[in-house]
Amino acid sequence: MATALYLPTTPLSTTKTTQPHLPSSPFLKPHRLNSKPRIKLASIVSATSTPITLETNQPTKVTATPSKVLPFRVGHGFDLHRLEPGYPLIIGGISVPHDRGCEAHSDGDVLLHCVVDAILGALGLPDIGQIFPDTDLKWKGAASSVFIKEAVKLMHEAGYELGNLDATLILQRPKVSPYKEAIKANLSLLLGADPTVVNLKAKTHEKVDSLGENRSIAAHTVVLLMKK
């Protein structure tokens, strides 16, 4: 006996994919399955003109000619260094007595390094490691005040000034409170800013990981730059 074979009347190639049911919401827009996403390439907003020429031996060649006028800019900086015996502990340009210090190519000032990165980030510039690379012997043991003065120079060239700065130090030991005012005063001086717009906090890491075990030190900084 022959068996009847039933074939679909509609070709498989023309079968339509059923759209899934989506809940009604003003935040959801219909999206076709198998459709190619439309991608818009946003232009990069930078406070500096492009291209930027970087010369490791001449960091001041990095120019900051405004290409986008904004009323303010925000930048965030972060840095972390290993603590090892035999090194000085320098925070914000102030020598803090301790049995170990930061192992780094320069003087290892974790606070000034993250302040520099915050300013450079707000301006849309490369980070501190690109402008002052640790492969250049010129910066071996260099005072971090050199880096922050360069960052401040670039800030002014771009037509901005410091609105305010908020920094947080993270270390288990030593206690920073006896040196906080001196660090804040020196940082304000380096920035050319009124001390009332510079804030400094210090926290332990509750004896957790390398920070809490006194094997490293870290800092976060947020800056607000205002158009002059």
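Numbering of residues begins at 1 and proceeds along the displayed sequence. Side chains included, hydrogens not; waters and symmetry mates left out as well; all remaining heavy atoms used.
- Leu211 and Val110 fall into different hydrophobic clusters, where Ile, Leu, Val, Met, Phe, Trp and Tyr side chains are chained together by heavy-atom contacts under 4.5 Å.
- If you take NZ on Lys203 and CG on Leu171, they are separated by 12.0 Å, rounding to the nearest 0.5 Å.
- Inter-residue side-chain proximity for Val146 and Glu150 is flagged as unmet; no heavy-atom pair is nearer than 4.5 Å.
- Take Asp99 and apply the side chain to side chain contact (heavy atoms under 4.5 Å, CB included) test, not counting sequence neighbours, and it matches Asn214.
- Within the structure, the ring-ring contact (aromatic ring centres under 6.0 Å, His included) test picks out no pair touching residues 166-192 (sequence neighbours left out).
- The side-chain heavy atoms of Glu213 and His205, taken from C-beta on, include no pair separated by under 4.5 Å.
- Rounded to the nearest 0.5 angstrom, Thr204 OG1 and Ile170 CD1 are separated by 9.5 Å.
- Contacts of Ala118 classified as side chain to side chain contact (heavy atoms under 4.5 Å, CB included), with partners at least two apart in sequence or in another chain: Thr221, Val223.
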Which atom pairs, one a donor and one an acceptor, fall under 3.5 Å between side chains of residues 186-199 and the rest of the protein, sequence neighbours left out?
unit_1, atom_1, unit_2, atom_2, d
Asn186, ND2, Gly92, O, 2.8
Ser188, OG, Lys184, O, 2.8
Asp194, OD1, Thr196, N, 2.8
Asp194, OD1, Thr196, OG1, 2.7
Asn199, ND2, Asp166, OD1, 2.8

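- Residue Ile90 is found outside any hydrophobic cluster, as its side-chain heavy atoms come under 4.5 Å of no other Ile, Leu, Val, Met, Phe, Trp or Tyr.
- Side-chain contact check for His113 versus Asp107: some heavy-atom pair is nearer than 4.5 Å.
- Cluster membership check: Leu225 does not share its hydrophobic cluster with Val222, using side-chain heavy-atom separations under 4.5 Å among Ile, Leu, Val, Met, Phe, Trp and Tyr.
- Within a 6.0 Å sphere centred on NZ of Lys175, heavy atoms belonging to other residues, nucleotides or ligands number 12 at most.
- For NZ of Lys180, the number of neighbouring non-hydrogen atoms (other residues, nucleotides, ligands) closer than 6.0 Å is greater than 12.
- Here the side chain of Arg73 pairs no donor or acceptor atom with the backbone of Leu123 at under 3.5 angstrom.
- Remark: Lys207 NZ is loosely packed, at most 12 non-hydrogen atoms of other residues, nucleotides or ligands lying under 6.0 Å away.
- Of the possible polar contacts, none joining the Asp117 side chain to the Asp127 backbone as a donor-acceptor pair under 3.5 Å is found.
- Applying the ring-ring contact (aromatic ring centres under 6.0 Å, His included) criterion to Phe72, with sequence neighbours excluded, gives no partner residue.
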